[in-house]
Every structure is written in structure tokens, then in C-alpha cells.
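Notes for the one structure printed next.
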Amino acid sequence: MTQRLAVLISGSGSNLQAIIDAMAAGRLAAQIGVVVSNRREAFGLVRAARAGIPRLYFPYKPYKDAGRPREQYDADLAEQVAACAPDLVVLAGWMHVLSPAFLDRFPGRVLNLHPALPGQFAGTHAIQRAYEAFQQGEIDQTGAMVHWVVPEVDAGPVLASVQVPIYPGDSLEELEARMHAAEHRLLIEAIEAALG
Ligand code: GRF
């Protein structure tokens, strides 16, 4: 039986697009049950619509404005995601730290893609921070990883990672493009490995 993914996004969705393209090309034996974004303007929602994939805009702001705790948002988000009975939940550019109120609904089944090597540049703006560290001579390369999600940000067991070179003449944009191309390949490999 084809295994089902839930994909959570917050932005452009180029990694979501890599999953969609891999499935369409027969390189990934899975289907996407739902795409959820916490940002209305996320272009990934357009990508999901074009691919005919069910999608949901589920913002945190109403909870915050009502003084309701993050855990309530996370629990309600989990309820929405669980509706498509995903075998795997993929965080592909999802910019909201998930608490156990979400994670406990999908034990050992939540993957996150992060644009840095294990143990480096946890949190946001990882590519820019790596670029600046390279300019300071602190690192000679960077990379990306896909890891199992635990409550600590970008810190769970690593499923797959790839090194990405930085060259002296690189602009930040050139490094970002090289990183995203590497991520798109890495994510498909990691999902295949996770689905077994
Ligand atoms: C990727 O670099 C991912 O590693 C990071 O956010 C970016 C998402 O890009 N968490 P996209 O929305 O998939 O294009």
C-alpha cells in the first residue's frame, strides 16, 4: 500500500516541489495526504494546489492573540495532520518549533530538513551564518541534514546528511542555490530511507 506523507511548510516550498516531482517521476513510492502551512502567503500552498494535493492554512496567530498556549496550537495542528493518517510527517521549511503536544502524536515519524551539518548552525538563517563563518575562516564547507525531530531544535538523530562546498568567490545567493539543489536530492533520499 502506498505510504502517505504529510508535508509542513512555511515558505517557497521548493523542497515540497522536489517531493512532488519525485513522486510524479516514479522515483518515490509515496503520496502526499496533506500540505499544511502556517503562513498564508507560502508559495508552497500554490505548488500543492497545482499538484491537486489537499492543503491547509493553519496559523498560530489566532492562538497567540487569544492568549492560548503554543501547546494547544500544536495539539490542534496534530489533530489536523492526523486526519490523513500519515506514515511520515516531513517538515520542509516549517518555521515553528513543535512541542511534544504535536510530536507525541507521531512518535518516531517526524522528519526535518535543516540547511546545516549535524551540530552546526541550529535555528534560523543557517545558510547565511555558514557563509559568514566561511568568510571568517571558521569553516571550509557546510551542508544539509535530515533528522528525526525531538523537542530540542534541529538536534534529533540524523537520518541523512550531505556536505556542500563553499568557494572563495561565492556570493550568498550562489551558496544558497547550491544548498537548495543539494537539499532537494537529500530530502528524497531521506524519505525513501525513512519509508524503508
Ligand atoms: C530550506 O533551506 C530548509 O532546509 C529550511 O528552509 C528552507 C525551505 O525552503 N528549513 P523551501 O520552502 O522548501 O523552498
Side-chain angles (χ1 to χ4, degrees), residues 3-16 18-19 30-49 53-129 144-161 183 186-187 190-191 193-196:
Q3 292 180 297
R4 200 171 17 252
L5 310 178
V7 183
L8 277 54
I9 62 165
S10 298
S12 160
S14 68
N15 286 282
L16 165 66
I19 298 170
Q31 60 178 288
I32 300 177
V34 69
V35 169
V36 182
S37 174
N38 61 342
R39 294 182 183 162
R40 186 194 306 275
E41 72 283 359
F43 188 67
L45 288 173
V46 173
R47 298 178 192 271
I53 297 168
R55 56 214 167 275
L56 171 68
Y57 165 51
F58 196 72
Y60 169 56
K61 190 171 185 302
Y63 288 75
K64 185 176 180 183
D65 292 352
R68 301 176 70 193
R70 288 175 74 94
E71 286 74 14
Q72 188 59 59
Y73 170 79
D74 290 2
D76 293 351
L77 174 66
E79 194 66 29
Q80 298 286 333
V81 171
C84 80
D87 298 288
L88 193 63
V89 179
V90 179
L91 309 186
W94 172 257
M95 304 305 279
H96 171 93
V97 177
L98 292 169
S99 67
F102 180 92
L103 299 175
D104 290 352
R105 285 294 297 267
F106 310 100
R109 282 190 285 144
V110 184
L111 281 180
N112 181 51
L113 170 67
H114 183 65
L117 288 170
Q120 288 196 340
F121 309 114
T124 57
H125 305 104
I127 301 175
Q128 182 171 339
R129 288 156 57 201
M145 67 168 170
V146 178
H147 63 92
W148 295 105
V149 176
V150 296
E152 184 184 353
V153 176
D154 297 330
V158 176
L159 182 60
S161 67
E183 286 187 302
L186 180 72
L187 184 58
I191 292 171
L195 293 177

Self-check item: N/O donor-acceptor pair under 3.5 Å between Asp74 side chain and Ala101 backbone
Solution: no
Quiz item: Looking at Ile32 and Pro54, what are the two nearest heavy atoms and their distance?
Solution: O-CD, 4.4 Å
Quiz prompt | Charged tip of Arg70 within 45° of Tyr60 ring normal and under 6.0 Å | solution = yes
Self-check item: Straight-line distance of Leu77 CG to Glu71 CD, nearest 0.5 Å
Solution: 13.0 Å
Self-check item: Sub-6.0 Å ring centroid separation between Phe121 and His114
Solution: no
Practice problem: Decide yes or no for Leu91 and Leu111: does some side-chain heavy atom of the first lie under 4.5 Å from some side-chain heavy atom of the second? | Solution: no
Quiz item: If you round to the nearest 0.5 Å, how far is CD1 of Ile127 from CD of Glu183?
Solution: 5.5 Å
Quiz item: Any side-chain heavy atom of His96 within less than 4.5 Å of one from Leu8?
Solution: no
Quiz item: Are Leu159 and Trp148 side-chain neighbours, meaning at least one heavy-atom pair lies under 4.5 Å?
Solution: yes
Quiz item: Does a donor on one side chain and an acceptor on the other come within less than 3.5 Å for Gln80 and Asp76?
Solution: no
Quiz item: Do Val90 and Leu187 come within less than 4.5 Å of each other through their side chains, counting heavy atoms only?
Solution: yes
Quiz item: Are Ile9 and Asn15 close enough that some pair of their side-chain heavy atoms sits under 4.5 Å apart?
Solution: no
Quiz item: Using 4.0 Å as the upper bound for N to carboxylate O, is an ion pair formed by Lys61 and Asp65?
Solution: yes
Quiz item: Does the side chain of Cys84 come within less than 4.5 Å of Val34's, by heavy atoms?
Solution: yes
Practice problem: For the residue pair Ser161 and Val146, establish whether any side-chain heavy-atom pair is separated by less than 4.5 Å. | Solution: no
Quiz prompt | Steps toward side-chain contact (heavy atoms from CB on, under 4.5 Å) verdict (Leu98, Val149) | solution = CA-CA 9 Å; Leu98 292 169; Val149 176; 5.5 Å; no
Quiz item: Can you name the closest pair of heavy atoms from Leu103 and Pro151 and give their distance?
Solution: CD1-N, 3.8 Å
Exercise. Please answer whether the main-chain N or O of Arg47 pairs with a side-chain N or O of Arg55 as donor and acceptor at a distance below 3.5 Å.
Key: no
Practice problem: First locate atom OG1 of Thr124, then atom CG of Asp154, and finally report the distance between them rounded to the nearest 0.5 Å. | Solution: 9.5 Å
Practice problem: Evaluate side-chain hydrogen bond (donor to acceptor under 3.5 Å, both in side chains) for His147 paired with Asn112, printing each intermediate quantity in order. | Solution: CA-CA 5 Å; His147 63 92; Asn112 181 51; 3.0 Å; yes
Practice problem: Output the distance between atom CZ (Arg109) and atom CZ (Arg105), rounded to the nearest 0.5 Å. | Solution: 9.5 Å
Practice problem: Report yes if some heavy atom in the side chain of Val81 is under 4.5 Å from a heavy atom in the side chain of Pro86; otherwise report no. | Solution: yes
Self-check item: Distance, nearest 0.5 Å, that separates CE of Met145 from CG of Leu186
Solution: 10.5 Å
Quiz prompt | Intermediate values then yes/no, side-chain contact (heavy atoms from CB on, under 4.5 Å), Ile191 and Leu5 | solution = CA-CA 9 Å; Ile191 292 171; Leu5 310 178; 4.2 Å; yes
Quiz item: What's the spacing between Leu45 CG and Leu56 CG if we round to 0.5 Å?
Solution: 8.5 Å
Quiz item: Quick one: are the ring centres of Tyr73 and Phe102 less than 6.0 Å apart?
Solution: no
